[in-house]
Amino acid sequence: MGAADSVPRRRTSRQVWVGNVPIGGGAPVSIQSMCDTKTTDIDAAVAQIARLTDAGCDIVRLAVPNMEAARALAEIKRQVTLPLVADIHFDYRLALAALEAGVDKLRLNPGNIRKPEWVRRVVAAAAERNVPIRIGVNEGSIDRMRYPEATPEALVTSAMEHVRILEDQGFGQIVVSLKAFDVPRAIQAYTLMAQRTDYPLHVGITEAGLPWAGTIRSAVGIGALLAAGIGDTIRVSLAGDPVEEVRVGWEILKSLNLRSRGYTLIVCPSCGRCGINLQATARQVDEALRRRPAPPREMKVAVMGCVVNGPGEAREADVGLTGGNGLGLIFRGGEVVRKVPQDRMVAALLEELDRVEGADAR
Ligand code: SF4
């Protein structure tokens with residue numbers, strides 16, 4: 001990486017398509033999440049996918065634990081626009097049914113399917129439909145008889161065994177993930193894999209935790225890899241609302257200038273000059289932004305503590321607010337455009353935001 005605001009140089013990887021979303025081959029790093037609803041509860045899954053879409057999710061995965069879930073995928077697919085990934089373990093019939101239902105990608109480890117003939121059928125059906133397969137190895141799931149320790153080398157070797165099964169059948173639309181909870185281990189595993197193959201990599205830290213700690217672990221792990229140019233698609237795994245995973249994913253990508261979309265909230269750290277209740281105001285703005293669909297470009301919204309320095313310090317913000325002496329000031333591009341009573345300033349900021357977004361849309 002060169003200057004601080006430059007974009008990390010990306011590893012060259014092959015490209016696969018998940019529905020209309022490319023992964024690898026220089027495509028923008030895509031953001032994935034996974035529904036935590038029952039796949040058989042079609043209305044709940046569709047509603048959650050709509051929220052994920054609004055938050056800027058690119059690809060969504062659903063668990064397929066049984067045939068009823070596999071069949072539900074067809075109706076879910078009909079009602080949503082995001083490409084769907086079917087998460088399958090062991091049972092090849094579920095994979096065939098998910099493909100039949102029209103999913104755009106499978107997450108499945110072919111080495112876990114017992115008979116070679118069954119693997120052949122799944123691979124043939126995926127190839128016929130141009131559907132890629134993600135091999136997902138993680139430290140909890142590798143064969144401990146053969147790999148007593150989930151070292152980075154063990155994760156990579158295990159993943160390569162699954163890869164070879166697909167390659168032996170002439171199938172090359174492969175994405176690989178090697179997730180570990182241990183961040184340095186995950187970084188080393190992905191780094192090794194990036195040296196050994198040119199398949200696109202799905203990067204994540206597994207079981208990262210509750211949102212606060214999980215966000216930090218994911219940002220450190222995924223961020224370190226992306227900063228080194230490794231990673232074609234990401235998933236932040238958090239115990240909580242999957243929409244939060246997408247928001248965190250965006251913040252990671254925006255932090256590295258890899259993608260720009262949605263709201264970025266800038267808040268000054270506050271100091272003795274502060275003329276508003278900064279924390280409470282910033283929270284109010286944050287909550288209001290979360291309720292709005294993510295705009296198609298990055299929109300910077302600033303909450304600054306004082307009139308003297310705030311607008312200037314947040315010059316790059318699209319819109320912002322600050323205040324002092326009971327007044328709230330709304331600014332754009334470093335210039336104050338409105339003065340309102342302080343109890344109206346959050347509403348006035350949102351009105352200004354509507355104006356900017358309206359102008360963008362025209
Ligand atoms: Fe202090 Fe004002 Fe800067 Fe905030 S914007 S840190 S209140 S000088």
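Note that ligands are numbered from 1 as they come in the structure, with each ligand's atoms numbered from 1 the same way. Computed from heavy atoms alone, side chains included, the values below leave out hydrogens, waters and symmetry copies. This structure is a prediction, so every number in the text was calculated from the model and none was measured.
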More than 12 heavy atoms from other groups under 6.0 Å of CZ on Arg273: no

CD/Glu351: more than 12 non-hydrogen atoms of other groups inside 6.0 Å: yes

salt_bridge(Arg261, Asp58) N-O dist < 4.0 Å: no

Atoms of ligand 1 close to Gly305 [distance to a heavy atom under 4.0 angstrom, numbered from 1]: 4 (Fe), 5 (S), 7 (S)

Arg273: numbered ligand 1 atoms lying under 4.0 Å from its heavy atoms: 8 (S)

Distance from atom 2 (Fe) of ligand 1 to nearest protein heavy atom, with residue and atom: Cys306 SG, 2.4 Å

Side-chain ion pair, Arg290 and Glu244, N-O less than 4.0 Å: yes

Whether Cys268 has an N, O or S atom under 2.8 Å from atom 4 (Fe) of ligand 1: yes

Residue among Thr81, Val60, Val80 satisfying side-chain contact (heavy atoms from CB on, under 4.5 Å) with Thr53: Thr81

Nearest-contact summary for atom 1 (Fe) of ligand 1 - protein heavy atom, Å: Cys271 SG, 2.3 Å

Charged N-O contact under 4.0 Å between Glu117 and Arg120: yes

Heavy atom of the protein closest to atom 8 (S) of ligand 1 (residue, atom name, distance): Asn309 ND2, 3.3 Å

Residue, atom name and distance, where the atom is the protein heavy atom closest to atom 5 (S) of ligand 1: Glu313 OE1, 3.4 Å

